[in-house]
Asker: 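One structure is given below, represented as structure tokens, and several questions about it will come after.
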Amino acid sequence: MGRLLEVEDLRTHFFTRAGVVRAVDGVDFSVEKGKTLGIVGESGCGKSVTALSIMRLLPTPPARIVSGSIRFDGRELTTLSERELEDVRGREVAMVFQDPMTALNPTLTIGTQIIEVLRRHLGLDDRTARRRAAELLDEVGIPRARERLDDYPHQFSGGMRQRVVIAIAIACEPRLLIADEPTTALDVTVQAQVLDLLDDLRREHEMAMILITHNMGVVAESADDVAVMYAGQIVEQAPAHELFRRPEHPYTEALLAALPDLDDNGARSRRLAAIPGRPPDLIDPPQACRFAARCPYAGCGDSCALEPPALRELRPDHRVRTAHPASEREAVTA
Amino acid sequence: MTEPLLSVTDLKVHFPIRRGLLLDRTVDHVKAVDGVSFEIPEGQTLGLVGESGSGKSTTAYATLQLVRPTHGSVRFAGRELTTLRREELRRVRRDIQIVFQDPYASLNPRMTVGRIVGEPLQTHSVGSRRSRRAAVADLLELVGFDPSYTNRYPHEFSGGQRQRIGIARALALNPKLIVCDEPVSALDVSIQAQILNLLKDLQRDLGLTYLFIAHDLAVVRGMSDTIAVMHDGKIVEQGPADAVYTSPQSDYTRALLAAVPVPDPERMRARKAERLRLRPALSQA
Amino acid sequence: MSATQIAGRVAGVDAGAPIRQSSLWQDAWRRYLRNRGAVAAGILFLLIVVWCIVVPIVSPHDPNRIEFPDAYQGPSWSHPFGTDQFGRDLFTRAALGGRISIGIGFGATLAILLIGVAYGAISGFVGGKLDNALMRFLDALYGLPYLPFAILALAIIGTVNFWTMVVALSVASWFITARVVRGQIMTLKENDYVRAAYAVGVRWYMILGRHLLPNTLGVLVITIFLELPGVILGEAFLSFLGLGINPPDASWGSMAQDGRDAYRAHPHIIIIPSLAIATLVLCANFIADGLRDALDPRTKET
């Protein structure tokens with residue numbers, strides 16, 4: 001399988017009155033055809049800005065992609081005109097946002113909104129588009145699809161509305177679906193159903209997917225590969241089973257340790273391993289490793305306190321940006 | 001056997017649905033809470049879990065008498081709260097406090113941190129002005145702040161820090177019971193762990209009793225001695241935390257547990273199959 | 001053991017320093033200064049007010065003295081705005097008229113604020129049936145046309161002077177403010193900090209005075225400049241119709257009326273007060289707009 005999307009050294013900065021916010025600061029990753037890449041990180045780490053940069057949906061100004069390349073199926077997206085982008089968006093790359101309440105126009109029926117996309121990108125006539133719209137609703141698991149085409153968004157529950165958003169996203173059989181916190185606004189049970197649905201759709205349509213979330217559990221359930229972001233950079237990247245079994249970066253380890261465990265019988269009597277401090281200010285990020293101030297392994301006089309570590313390949317497909325990966329620490333103590 | 005600190009019996013909160021333009025009349029009721037009973041012994045935590053609309057927050061407000069229950073009894077430290085008059089209730093409020101979910105909406109933006117944390121003391125005229133100021137400094141220190149921040153405003157703090165300020169306010173009157181209404185669901189994982197640890201430490205050192213409400217089952221497990229699972233205004237399962245999680249009795253609890261995403265890709269398939277099997281237990285998608 | 005006794009004993013809880021240092025009002029002020037139109041309007045507004053205050057004091061001309069030989073002069077060095085049919089210096093007289101127009105404007109606006117805040121706050125705070133009744137009453141008043149209502153109020157009071165004008169104009173136009181304040185209070189009431197105050201046992205009047213009203217301040221500041229133009233125009237209309245300020249006192253409205261008879265031959269007499277009114281109203285609108293952008297927390301920091 002080839003690479004569908006290749007992002008290289010992407011830097012998206014926000015030019016604000018207070019200074020230049022380096023929201024995304026040198027991000028590299030690629031997405032294989034038909035696979036899911038999970039991008040996980042806490043708020044403000046740049047994961048959503050990365051996604052919006054790919055779609056070129058950020059307001060300019062203040063945001064600007066200052067460097068880097070985004071190649072979709074060999075085509076450079078950063079230099080496309082707004083007109084050319086409109087043909088890519090929704091047709092080849094589609095997006096699902098966090099809030100299903102605002103993603104749909106409340107004054108139009110669901111049917112109208114799906115048909116609009118079908119006509120715009122596929123040039124279907126009204127009757128065919130309507131039939132296709134009903135099929136799509138059926139596919140995303142909305143009962144009585146044909147009747148519900150004439151309903152308005154407020155007549156659907158939050159979970160059902162997100163299904164409608166997904167139906168619109170997959171309407172033109174895009175090759176890449178970017179889902180930005182698609183389940184954060186939903187209840188757990190509904191979240192699980194929506195994630196399962198996305199996974200099924202990806203398989204059937206041979207779509208690739210970028211799943212952006214703050215929830216480690218959500219990536220573990222759905223992603224083939226995982227990129228962990230911190231302070232505008234990817235700090236660790238690996239296949240999901242590898243990342244969760246053998247996390248290397250101290251931040252990844254700390255995030256997993258800070259997570260309350262659903263299956264831990266003794267959890268009541270233990271404290272959680274909290275990460276001290278806060279992520280750095282992205283207007284003036286530290287010259288050194290951005291995690292150094294919170295890292296339990298960074299000693300003074302360490303190389304990582306002086307210069308930023310590069311993203312290096314520790315094992316095949318397992319890359320990490322730290323001077324103290326877990327496997328090397330073990331080697332030292334052993 | 002001693003009486004539990006809080007016992008709630010057959011609590012019901014029904015909100016009327018009104019219709020009509022000039023003269024509205026009640027056409028129906030929303031049964032937000034419909035016959036909920038639980039007890040919390042002193043120094044322990046009851047975790048109340050449920051999805052949005054399950055009635056868990058309304059249960060909390062009704063326990064605090066912020067919403068007057070339609071029916072049922074709330075006994076706190078041997079006193080029935082539902083029949084108390086306003087002045088008596090004001091005195092009891094010193095012993096029951098609340099910590100809210102949204103760190104942005106829970107602090108008055110026009111008040112300094114010192115005034116926010118000191119307001120409960122001032123309201124109940126505890127001590128002199130000077131001793132109150134000292135108490136506020138101690139409270140800020142207790143939740144991890146340098147006391148010199150008393151003159152700062154809430155918007156100068158991050159979400160996690162604001163939540164600490166909210167906790168300091170809740171502690172001001174040395175309450176016996178604190179209702180924590182989704183105290184960490186608006187926070188990032190690393191900050192969430194800090195706040196949960198703080199709550200645990202405070203419980204240990206001050207002998208606090210918690211009614212801990214959350215939708216995140218993993219968070220609730222780590223905080224609670226007993227768990228009550230709410231669904232559609234009713235408690236569908238109640239028991240010791242470990243028992244509820246390891247051998248859930250109700251299908252709804254099982255479905256809820258199977259839905260929680262777990263950071264372990266190896267178990268993905270099995271869990272997905274389990275979810276499909278339990279689908280009927282969830283009333284709607 | 002009390003919470004305050006064990007301060008500092010809880011292990012490993014360092015909350016860190018505040019993440020930013022700023023003041024809400026200073027931030028708003030900074031945002032306002034960034035809006036060039038609003039700043040220009042603000043300066044012009046202040047200049048007009050200063051003119052109205054200072055010029056009648058330092059002017060060599062007595063604004064009420066009749067000098068028929070000087071009548072109907074166009075603008076000149078000694079009379080920058082010319083003179084009227086009685087030979088009175090319009091530069092001085094317009095400043096004097098401005099005192100009354102702006103004075104009535106601010107007076108009535110403050111009265112509107114007082115009535116509106118009291119009515120809206122009670123309605124929004126108490127809620128329920130009382131709110132319903134108060135709002136229906138407001139709906140009924142809403143239907144009344146503004147100026148006839150003010151004229152009716154003046155007729156009922158019987159005399160026309162500065163203060164009765166303030167009363168008549170404010171009585172006829174406090175409805176919008178009341179509704180805005182009610183809406184604000186209703187929204188603010190849903191905030192958790194209000195719930196927290198109840199949970200602590202804070203008394204209702206403290207909740208209203210400490211947690212609700214101070215948070216409507218921003219909206220009230222905007223309201224001042226939104227209401228001001230309406231009131232100033234209202235005063236001008238009434239005086240123009242001869243129902244307002246009586247001669248020899250002047251307001252911009254009554255000055256415009258003075259110029260009505262000779263508007264073909266000597267248009268400056270009507271143009272000068274009209275221009276003053278238009279400028280002031282425009283400034284107030286720009287200021288209100290700037291304040292809204294500055295005080296709205298949703299305004300983007302870019």
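Both backbone and side-chain heavy atoms feed into the values below; hydrogens, waters and symmetry mates do not. The sequence lines fix the lettering, A, B, ..., with proteins before strands; numbering per chain opens at 1.
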Asker: What residue, out of A/Ser43, A/Gly158, A/Gly141, has the most heavy-atom pairs lying under 4.5 Å from chain B?
Answerer: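 Of A/Ser43, A/Gly158, A/Gly141, A/Ser43 has the most heavy-atom pairs under 4.5 Å with chain B.
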
Asker: What residues of residues 255-266 of chain A make heavy-atom contacts with chain B at a cutoff under 4.5 angstrom?
Answerer: A/Leu255, A/Leu256, A/Ala258, A/Leu259, A/Pro260, A/Asp261, A/Leu262, A/Asp263, A/Asp264, A/Asn265

Asker: With only heavy atoms counted, which part of A/Pro276 is less than 4.5 Å from chain B, the side chain, the backbone, both or neither?
Answerer: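 Just the backbone, heavy atoms under 4.5 Å.
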
Asker: Using non-hydrogen atoms and a 4.5 Å limit, figure out which bit of A/Arg270 sits close to chain B: side chain, backbone, both or neither.
Answerer: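 Interface part for A/Arg270: backbone (N, CA, C, O).
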
Asker: Taking side chain as C-beta onward, heavy atoms only, is B/Met223 less than 4.5 Å from A/Arg268?
Answerer: no

Asker: Given the options A/Leu186, A/Val218, A/Asp187, A/Leu272, which has more heavy-atom pairs under 4.5 Å with chain B than any of the others?
Answerer: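 The candidate making the most pairs under 4.5 Å is A/Asp187.
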
Asker: Answer yes or no: does atom CG of A/Asp317 have more than 12 heavy-atom neighbours from other residues, nucleotides or ligands under 6.0 Å?
Answerer: no

Asker: Quick one: CG on B/Leu187 to CD on A/Glu42, what's the gap to the nearest 0.5 Å?
Answerer: 10.5 Å

Asker: If the contact rule is any heavy atom under 4.5 Å from chain A, which residues of residues 208-220 of chain B qualify, in numerical order?
Answerer: B/His215, B/Leu217, B/Ala218, B/Val219

Asker: Give, as side chain, backbone, both or neither, the part of A/Ser222 having an atom under 4.5 angstrom from any heavy atom of chain B.
Answerer: backbone

Asker: Using non-hydrogen atoms and a 4.5 Å limit, figure out which bit of B/Glu266 sits close to chain A: side chain, backbone, both or neither.
Answerer: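 Just the side chain, heavy atoms under 4.5 Å.
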
Asker: Taking the side chain as every heavy atom from C-beta outward, state whether A/Asp200 and B/Lys272 have any atom pair closer than 4.5 Å.
Answerer: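 A/Asp200 reaches B/Lys272 side chain to side chain.
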
Asker: Between B/Asp264 and chain A, which part of the residue has a heavy atom less than 4.5 Å away: side chain, backbone, both or neither?
Answerer: backbone

Asker: Select one option (side chain, backbone, both, neither) describing which atoms of B/Thr45 are under 4.5 Å from chain A's heavy atoms.
Answerer: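 Both the backbone and the side chain of B/Thr45 come within 4.5 Å of chain A.
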
Asker: Using non-hydrogen atoms and a 4.5 Å limit, figure out which bit of A/Gln191 sits close to chain B: side chain, backbone, both or neither.
Answerer: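 Side chain only.
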
Asker: For a side chain to side chain contact (heavy atoms under 4.5 Å, CB included) check, start with the C-alpha distance between B/Ser190 and A/Arg278, then their side-chain angles and the critical distance, and finish with the verdict.
Answerer: CA-CA 9 Å; B/Ser190 63; A/Arg278 261 195 312 272; over 6 Å; no

Asker: Between B/Ala255, B/Ser158, B/Pro263, B/Gly159, which residue shows the highest count of heavy-atom pairs closer than 4.5 Å to chain A?
Answerer: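 Option with the top pair count is B/Pro263.
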
Asker: State whether the number of non-hydrogen atoms from other residues, nucleotides or ligands found under 6.0 Å of A/Arg146 atom CZ is greater than 12.
Answerer: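 No.
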
Asker: Output yes when B/Arg275 and A/Glu221 qualify as a salt bridge under the 4.0 Å nitrogen-oxygen rule, no when they do not.
Answerer: yes

Asker: With a 4.5 angstrom heavy-atom cut-off, is it the side chain or the backbone of B/Leu257 that approaches chain A, or both, or neither?
Answerer: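 For B/Leu257, the contact with chain A is made by backbone and side chain together.
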
Asker: Under 4.5 Å between any side-chain heavy atoms of A/Met216 and B/Val189, yes or no?
Answerer: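 A side-chain contact under 4.5 Å is absent here.
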
Asker: With a 4.5 angstrom heavy-atom cut-off, is it the side chain or the backbone of B/Ser52 that approaches chain A, or both, or neither?
Answerer: both

Asker: Looking only at non-hydrogen atoms, find the nearest pair between A/Gly217 and B/Pro261 and report the distance.
Answerer: C-CB, 3.3 Å

Asker: List the atom of A/Val188, the atom of B/Val260, and the distance in Å for their closest heavy-atom pair.
Answerer: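 Looking at all heavy atoms of both residues, the closest pair is CG1-CA, 4.2 Å.
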
